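Shown next, in structure tokens, is the structure this report addresses.
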Amino acid sequence: QQGDYTSILLSSPAPGVTQITLNRPKALNALNSTLFHELNAALRNLSSDESIGAVVLTGSDKAFAAGADIKEMKDKQFAEVYKGDFLAHWTELSSFRKPIIAAVSGYALGGGCELAMMCDIILASPTAVFGQPEINLGVIPGAGGTQRLTHAIGKSRAMELVLTGRNFSAQDASDWGLVSRVVSEGSVVDEAVKVAGKIAGKGKLAVQAAKEGVNSAYELSLAQGLHLERRLFHQLFATNDQKIGMTAFAEKKKAEWTHS
Ligand code: HXC
């Protein structure tokens, strides 16, 4: 599984779960093109791996990721970033169809905060420090910071954070609904693996439909979203897992999903 990756580590902490650990410790996991190339390749492999039901994405104790690699970015020119659509392939993770849980310790700044926000669930250590400091570099967030942060915590807070570039704490992130919860120090990866393991034990078709449904709440109007939800719900009656799940309940047995 590890392959030739140098900037990420892959491990299997629980049945059905892959953990991806960002691994550029000397640069506080600053995100560069090699790292994204590897992350995208790993996710592509995991997409087609039937045995995997959920993924945990994490960094180190000190940094989930301290942002895009400023040293790699600093000499780029407009024509190059525009023609090459710089950052477009950095957001590939947001179209990954299996649940992905960010376990955030330490810095999640700039692109690091944006990467966490592309995940489906964020769990935070009390040491987590979030922020969109791009304004201090003469730019703005470029991988969803002005959009996903605003959706998650509201315009006024997002505007203040993006315009001032100030960091915010795990507790703030939790109070504002950016993260699902703050766990005790040192336990964020274990907690994320527990959640991922639970999800990996469900029927994969229902999980995929559930993720699609929740994500559509960000994209669609309420009427369109409710319509999509109803259609997804109806579609699941065409699966074996729906029969298996409901029959198991009625017979007081444990459902043995076939993911079909
Ligand atoms: C490149 C980085 C880096 C980054 C840290 N490093 N962040 N290198 N890009 N984003 C490197 C430092 O240069 C240093 O390398 C080493 O990691 C350790 O960092 P220090 O600064 O010495 O650590 P510390 O004093 O503990 O400060 C931690 C920090 C600070 C507060 C997180 O490193 C920092 O402010 N980093 C930049 C945060 C930032 O602005 N992020 C947004 C980037 S823009 P050496 O070689 O000196 O040891 C962005 C755009 C998003 O993300 C676009 C879409 C993806």
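Note that this is a predicted model, so its numbers are computed, not measured. Whatever order the structure lists ligands and atoms in, that order sets their numbers, starting from 1. In this chain, residues are counted from 1 in sequence order.
Not close to ligand 1: E72, with no non-hydrogen atom less than 4.0 angstrom away.
Distances from atom 43 (C) of ligand 1 to the heavy atoms of L137, V139, V129 put L137 nearest. Looking at E134, K71, M73 and measuring to atom 47 (O) of ligand 1, the nearest heavy atom belongs to K71.
Its side chain within the 4.5 Å cluster rule, I244 clusters with W257 among the Ile, Leu, Val, Met, Phe, Trp and Tyr residues.
Where the criterion is an N or O separation shorter than 3.5 Å, residue side chain and backbone included, I70 meets it with respect to ligand 1. When only interatomic distances are considered, the shortest N/O to N/O separation between P133 and ligand 1 does not fall below 3.5 Å.
K62 NZ, 2.8 Å is the protein heavy atom nearest to atom 26 (O) of ligand 1. Atom 35 (O) of ligand 1 has L109 CD1, 4.8 Å as its closest protein atom, hydrogens excluded (heavy atom only). The closest protein non-hydrogen atom to atom 48 (O) of ligand 1 is K26 O, 4.5 Å. The nearest heavy-atom contact from the protein to atom 20 (P) of ligand 1 is L28 CD1, 4.5 Å. The single protein non-hydrogen atom nearest to atom 7 (N) of ligand 1 is A66 CB, 3.5 Å, given as residue, atom name and distance.
Near W90, meaning under 4.0 Å from any of its heavy atoms, are these atoms of ligand 1: 55 (C). Counting the atoms of ligand 1 from 1 in the order shown, those under 4.0 Å from a heavy atom of L87 are 53 (C), 54 (C), 55 (C). Remark: ligand 1 atoms within the under-4.0 Å shell around heavy atoms of E114 are 51 (C), 53 (C), 54 (C), 55 (C). Near A27, with a cut-off below 4.0 Å to any heavy atom, the atoms of ligand 1 are 2 (C), 5 (C), 6 (N), 11 (C), 17 (O). Within ligand 1, the atoms closer than 4.0 Å to a non-hydrogen atom of G111 are 49 (C), 51 (C), 52 (O), 55 (C), numbered from 1 in the order shown.
In this structure the side chain of V195 reaches within 4.5 angstrom of the side chain of L123, judged on heavy atoms.
Ring orientation note: the planes of F233 and F237 are nearly perpendicular, at an angle over 60° on the 30°/60° scale. The aromatic rings of W90 and F36 lie parallel to each other, their planes meeting at an angle below 30°, with 60° marking the opposite boundary.
Here the straight-line distance linking atom CG of L232 with atom CD of Q235 works out to 5.5 Å at 0.5 Å rounding. In this structure, CG in L178 is found 6.5 Å from CD1 in I153, a value given to the nearest 0.5 Å. Atom OH of residue Y107 and atom NZ of residue K62 lie 5.5 Å apart, to the nearest 0.5 angstrom.
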>> Under the criterion side chain to side chain donor-acceptor pair (under 3.5 Å), I'd like the reasoning laid out for D49 against S51: C-alpha separation, chi angles, the key distance, then a yes or no.
In response: CA-CA 5 Å; D49 185 339; S51 70; 2.6 Å; yes

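The residues R24 and D69 are annotated as salt-bridged, a charged nitrogen and a carboxylate oxygen being separated by less than 4.0 angstrom. Salt bridge E191/K194: present, at least one basic N to carboxylate O contact under 4.0 Å.
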